[in-house]
Asks: 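Below is the structure I would like to discuss, written out as structure tokens.
Only a predicted model underlies this, so the values are computations on that prediction, with no experimental measurement involved. Atoms within each ligand, like the ligands themselves, are counted from 1 in listed order. Any value given below was found using the heavy atoms of this structure, including those in side chains, with hydrogens, waters and symmetry copies removed.
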Amino acid sequence: MGKIKRKRILTGDRPTGPLHLGHFVGSLQSRVKLQDSCDQFVMLADTQALTDNADNPEKIKKAVLQVAMDYLSVGIDPKKTTILIQSAIPELAELNLYFLNLVTLARLQRNPTIKDEMKQKGYGTNVPVGFLTYPISQAADITIFKADLVPVGADQLPILEQVNEIVRKFNKTYGRGKKILVECKGYFSKTSRLPGIDGKGKASKSLNNAIFLSDSKKEVERKVMTMYTDPKHIHIQDHGKIKGNIVFDYLDAFDTDKKELKKIKAHYQKGGLGDVEVKKRLIKVLEDLLTPIRARRKELEKNPEKVMKILEQGTRKAREVAKETMVEVRKAMRINYF
Ligand code: TRP
């Protein structure tokens, strides 16, 4: 019987601050699950974070440690997953440079994710070149590890499409019929887009509408209590709406007792169930999830040197893989001089 090749995963986050529940349902949960059956690399994409934070490297550095602690406290296991720091692998910068020649400016400007982010940040034409081209550097991140599976939030799909275009172009231009680099597939979880507590779009740090994995119990309670529900559900006996009701979106994402949840929804729709009751259930569900995560974080916070050691070892291992790919890349491009 032939051996089935394990899938190779590369994924990551821009370290700009602590991770929240949107990250948890969008990608962290998948990573914890996939690390048992796949060969997984998770990147702290600090170089990418600098593309729109060039003036604040201190913030990014601080967030690297925070996000690493988020990873470890949700159960990403450094024995199974290689965690690495992007900026510490210079081969990524080299591959990015070669890829820059394979993409046109017009194609970059058409990328819907970039378009949205540019609008959000109000860049206009004064966009930093590094920011505009980050999908290209992300192509280097993924391909240098020959990843075929990328667990990310749904907003990253246009980036992955562009990555695969670059792979095809590279192979066609330099491969002489051989596939030097591999195309990747996205891996999207059921809830790949969690709304913010204000109901005004997705949960995000910059919109200040997210519940963080590192939030205290009190903070979680406070945030759930302010959550947007059905504005027409004023009296307990009124009919309540589920659609667009953020409390139910969160229960759908986190409550594991689906049978009970169905009953609660029916009761709420019929009338006779108050918002506070439903919110209390959500608080309980979130606390069951977050309590062990908080406990692990507390342990890690006592020993940040140990976390840095994990990152150092992971980065060293990842760099070896990156170096091997670059030997093949330079050879294919015929720039292997010595
Ligand atoms: N762009 C991703 C984000 O916004 C972070 C990231 C950088 C990434 N490099 C990656 C994700 C490679 C997947 C694969 O969070």
Asks: Distance from Thr133 atom OG1 to Asn111 atom CG, nearest 0.5 Å?
Replies: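 One gets 11.5 Å once the value is rounded to the nearest 0.5 Å.
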Asks: Could you check atom 9 (N) of ligand 1 against the protein and tell me its nearest heavy-atom contact, residue, atom and distance included?
Replies: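 Ranked first by proximity to atom 9 (N) of ligand 1 is Asp141 OD2, 2.8 Å.
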Asks: What residue and atom, counting heavy atoms only, is the protein's closest point to atom 14 (C) of ligand 1, and at what distance?
Replies: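 Here the closest protein heavy atom is Leu10 CD1, 3.6 Å.
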Asks: Give the numbers and elements of all ligand 1 atoms closer than 4.0 Å to a heavy atom of Val152.
Replies: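 Here the atoms of ligand 1 in question are 11 (C), 13 (C).
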Asks: At a 4.0 Å threshold, what atoms of ligand 1 neighbour a non-hydrogen atom of Arg14?
Replies: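 Here the atoms of ligand 1 in question are 4 (O), 5 (C), 15 (O).
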Asks: Between Lys200 and Asn209, does the side chain to side chain donor-acceptor pair (under 3.5 Å) criterion hold? Intermediate values first, please.
Replies: CA-CA 9 Å; Lys200 286 191 189 137; Asn209 63 359; over 6 Å; no
Asks: I'd like to know whether Arg31 forms a side chain to side chain donor-acceptor pair (under 3.5 Å) with Thr81, so could you lay out the CA-CA distance, the side-chain angles of the two residues, the decisive distance to 0.1 Å, and finally the verdict.
Replies: CA-CA 9 Å; Arg31 297 174 192 174; Thr81 294; over 6 Å; no
Asks: Please determine whether a side-chain nitrogen of the Lys or Arg among Arg316 and Glu312 lies less than 4.0 Å from a carboxylate oxygen of the Asp or Glu.
Replies: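 A salt bridge links Arg316 with Glu312.
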Asks: Please report which non-hydrogen protein atom sits nearest to atom 7 (C) of ligand 1, along with the residue it belongs to and the distance in Å to one decimal place.
Replies: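 Of every protein heavy atom, Gln48 NE2, 3.2 Å lies nearest to atom 7 (C) of ligand 1.
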Asks: What are the two closest non-hydrogen atoms of Gln138 and Val163, and how far apart are they?
Replies: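 Minimum heavy-atom separation between Gln138 and Val163: C-CG2, 4.4 Å.
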Asks: Which ligand 1 atoms, with their elements, are less than 4.0 angstrom from a heavy-atom of Ala45?
Replies: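 Per the distance check, 7 (C).
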Asks: Please work out whether any backbone atom (N, CA, C, O) or any side-chain heavy atom from C-beta onward of Ile159 is under 4.0 Å from ligand 1, and answer side chain, backbone, both or neither.
Replies: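 Answer for Ile159: neither.
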Asks: List ligand 1 atoms under 4.0 Å from Val150, heavy atoms only on the residue side.
Replies: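 Taking each heavy atom of Val150 in turn, ligand 1 has 13 (C), 14 (C) under 4.0 Å.
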Asks: Determine whether Met225 and Ile246 fall in the same hydrophobic cluster, where Ile, Leu, Val, Met, Phe, Trp and Tyr are linked whenever their side-chain heavy atoms lie under 4.5 Å apart.
Replies: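 Yes, one cluster joins them.
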Asks: Is it the side chain (CB and beyond), the backbone, both or neither of Gln156 that lies under 4.0 Å from ligand 1, heavy atoms counted?
Replies: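 Near ligand 1, Gln156 shows its side chain, while the N, CA, C and O stay back.
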Asks: Is the shortest N/O to N/O distance between Tyr134 and ligand 1 below 3.5 Å?
Replies: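 So ligand 1 has no N or O lying under 3.5 Å from an N or O of Tyr134.
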Asks: Ligand 1 and Gln138, any nitrogen or oxygen pair closer than 3.5 angstrom?
Replies: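 By distance alone, the answer is yes.
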Asks: Do Val64 and Phe212 share a hydrophobic cluster, counting only Ile, Leu, Val, Met, Phe, Trp and Tyr and linking them when any side-chain heavy atoms are less than 4.5 Å apart?
Replies: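 No, separate clusters.
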Asks: Relative to the heavy atoms of Ile142, which atoms of ligand 1 are at a distance of less than 4.0 Å?
Replies: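 Close to Ile142: 12 (C), 14 (C).
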Asks: Is the ring pair Phe145/Phe41 parallel, tilted or perpendicular, if the boundaries are 30 and 60 degrees?
Replies: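 Rings of Phe145 and Phe41: parallel, under 30°.
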